[in-house]
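Note sheet for the following structure.
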Amino acid sequence: MPITALKTLALAAGVSLIALTASAQSMTIKLATDSGAKGSPTGDAMEKWASLIEEGTKGDIKVNIFYQNELGGQQEIFDLFVANDVQLMINWPSTSYDERIGLLYTPYMLKSWDDAFNAYGQGGWLNGILDEVYSDIGLKFFGAWPEGFNGVATKGKYAKSLEEAASLKVRVPTMFPMAESLQAMGYQTASIDWSETFTSIQTGVVDGDAANVIYWDYEYFRDTINYYNRTRQQFITGVISANGEFWAGLSDEQKKVVADAAQVVMQDGFDSARTIDAGYVDKAKEAGIEYIEPSDSDLAPIARKVRDEVWPQMDKRIGQEIMDKVRANAAEF
């Protein structure tokens, strides 16, 4: 073959390779949640994240959004996420793949919204720990999608002390260490399906619902509860994250767009969640629910007792090394 023909062939091959490489950088991905319909705060956040990614990559990454239950339940969708059938998520993660995700529920680790943002934000101490945990199960952690600090909603009476808590039985979620935290706070606990909680409170099987932010207790139980005591044992949050295989396949420029957009969504989430949370306090009061906000000094002895009893259990299940980092960085009570 003449040399000019070889050069032409080589040039054509080079152009084809460049085109193939450029094409490989264009993709359509899935962004999903396990909790949030279209029009909900989570749904709006997904739409914003998708829009920022598409704009920032000039359309090279197109994002299809899937709302709550469109791809399955909580565990099913997390399975799809780990398998890279879903590439981005804002979700409330399962601990089935790694019990260390339970670090999110460490009691009395954070004391204020500012504590939470600084810990979960880019460069934050908790962000770094969770990024390592997520990396081990093939995921990339970006930050928190917050709901706020939780509390105890009850019917008839509420507890102002460890001694008063002993007379109250409350429904708690099953994930560790939710029940353990409430037990250390003095309460009796019961694991009851969410769908049965209203009737259980109404009939006296339990005295209330524990470990939720006020939004859930107002929306579902305002006709049967009288008190909401913001005990602040956990900062309740979802997670903004990516599949690790998908993340590794992005160019540096694309990674920056996806990560920067995630931080914008997280900042918006903190701003809006704080406002939404305060709004539901007002709604609860208007509905006749007495809202109790213990002071830091009121919570200090409870927080210390819970830490003393629950954190050693977390050493065994979450890991001593991680919990030592928690001890070094957690808020002071």
Side-chain angles (χ1 to χ4, degrees), residues 34-37 40-42 68-69 73-75 92 94-96 102 104-105 107-108 147-238 276-294 298-299 302 305-306 309-310 313:
D34 56 18
S35 303
S40 69
T42 307
Q68 178 179 335
N69 295 329
Q74 184 182 39
Q75 185 61 56
W92 280 257
S94 167
T95 58
S96 60
L104 290 163
Y105 309 117
Y108 293 109
E147 289 187 290
F149 285 95
N150 60 2
V152 182
T154 50
K155 177 183 178 181
K157 58 182 177 179
Y158 73 95
K160 293 173 286 188
S161 65
L162 293 163
E163 292 73 25
E164 290 178 353
S167 65
L168 292 169
K169 178 182 281 189
V170 291
R171 177 262 177 194
V172 292
T174 57
M175 69 277 282
F176 173 80
M178 288 291 196
E180 291 79 3
S181 301
L182 268 297
Q183 290 161 10
M185 292 164 66
Y187 293 91
Q188 304 171 57
T189 63
S191 296
I192 295 172
D193 187 85
W194 177 253
S195 64
E196 299 174 3
T197 303
F198 182 93
T199 303
S200 296
I201 297 171
Q202 193 175 47
T203 58
V205 174
V206 292
D207 297 296
D209 174 58
N212 272 311
V213 296
I214 194 168
Y215 164 83
W216 295 102
D217 290 317
Y218 169 81
E219 285 290 347
Y220 287 87
F221 311 127
R222 64 179 177 269
D223 293 332
T224 191
I225 62 169
N226 308 116
Y227 302 97
Y228 185 88
N229 187 4
R230 180 87 72 172
T231 43
R232 282 188 281 160
Q233 65 269 26
Q234 277 103 7
F235 184 77
I236 304 300
T237 181
I276 290 168
D277 190 65
Y280 273 96
V281 170
D282 292 338
K283 288 183 177 183
K285 290 177 179 177
E286 289 170 6
I289 297 168
E290 185 175 340
Y291 176 76
I292 302 100
E293 181 80 61
D298 290 335
L299 288 179
I302 297 171
K305 179 178 184 293
V306 173
E309 292 185 18
V310 178
Q313 298 177 52

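No experiment lies behind these values; they were computed from the predicted model shown. All values below come from the heavy atoms of this structure, side chains included, with hydrogens, waters and symmetry mates left out.
When only modelled atom types and interatomic distance are considered, Glu219 and Tyr280 share a side-chain donor-acceptor pair under 3.5 Å. Judged purely by distance below 3.5 Å, without hydrogens or angles, the side chains of Thr231 and Asn229 never pair a donor atom with an acceptor atom. Side chains of Thr189 and Gln183: a donor on one and an acceptor on the other come within 3.5 Å. Donor-acceptor pairing under 3.5 Å is lacking for the side chains of Glu147 and Thr237.
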Applying side chain to side chain contact (heavy atoms under 4.5 Å, CB included) to Leu299 and Arg232, what does each step give before you reach the verdict? CA-CA 8 Å; Leu299 288 179; Arg232 282 188 281 160; 3.2 Å; yes
Ring pair (Phe, Tyr, Trp, His ring centres under 6.0 Å) assessment of Phe221 paired with Trp216: CA-CA 8 Å; Phe221 311 127; Trp216 295 102; 9.6 Å; no
Go through the steps for Ile289 and Tyr227 under the test side chain to side chain contact (heavy atoms under 4.5 Å, CB included), then give the verdict. CA-CA 5 Å; Ile289 297 168; Tyr227 302 97; 5.5 Å; no
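Shortest non-hydrogen contact noted between Leu162 and Ala184 is CD2-O, 3.8 Å. The two residues Val213 and Gly148 have their closest heavy-atom pair at CG1-O, 3.4 Å. Nearest heavy-atom pair across Gln313 and Glu309 is NE2-O, 3.0 Å. The two residues Asp193 and Thr197 have their closest heavy-atom pair at O-OG1, 3.2 Å.
Between Gln75 and Ser96 the shortest side-chain heavy-atom distance falls below 4.5 Å. Side-chain atoms of Thr95 and Phe176, non-hydrogen and from C-beta on, never get closer than 4.5 Å to each other. Put simply, the side chain of Ser35 does not reach to within 4.5 Å of the side chain of Thr42, judged on heavy atoms. At least one side-chain heavy atom of Trp92 sits less than 4.5 Å from a side-chain heavy atom of Gln74. Residues Val152 and Tyr158 fail the side-chain proximity criterion, which asks for heavy atoms closer than 4.5 Å.
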Which atom pairs, donor and acceptor, lie under 3.5 Å between side-chain atoms of residues 199-206 and protein residues at least two apart or in another chain?
residue, atom, partner, partner atom, Å
Ser200, OG, Glu196, O, 2.8
Thr203, OG1, Thr199, O, 2.7

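Between the CD atom of Glu286 and the NZ atom of Lys283 there is a distance of 8.5 Å, given to the nearest 0.5 Å. Atom CG of residue Asp207 and atom CD1 of residue Ile225 lie 12.5 Å apart, to the nearest 0.5 angstrom. Annotation: the span from Ile302 atom CD1 to Ser181 atom OG amounts to 12.5 Å, rounded to 0.5 Å. Here the CG-OH distance, from Asp277 to Tyr215, works out to 12.0 Å after rounding to the nearest 0.5 Å. Interatomic distance, Asn226 CG to Lys155 NZ, rounded to the nearest 0.5 Å: 8.0 Å. Expressed to the nearest 0.5 Å, how far CD of Gln233 lies from CE of Met185 amounts to 4.0 Å.
Aromatic ring orientation, Tyr291 versus Tyr228: parallel (interplanar angle below 30°, classes split at 30° and 60°).
No donor-acceptor pair under 3.5 Å is formed between the side chain of Glu164 and the backbone N or O of Ala159. Between the Gln188 side chain and the Ala166 main chain, a donor and an acceptor come within less than 3.5 Å of each other. Between the side chain of Asn150 and the main chain of Ala211, a donor-acceptor pair closer than 3.5 Å is present. Under the 3.5 Å distance criterion, the side-chain polar atoms of Arg230 are matched with a main-chain donor or acceptor of Phe149.
Within 6.0 Å of NZ on Lys305 lie more than 12 heavy atoms contributed by other residues, nucleotides or ligands.
Taking 4.0 Å as the cut-off between side-chain N and carboxylate O, Arg171 and Asp209 count as a salt-bridged pair. Taking 4.0 Å as the cut-off between side-chain N and carboxylate O, Lys157 and Glu290 do not count as a salt-bridged pair.
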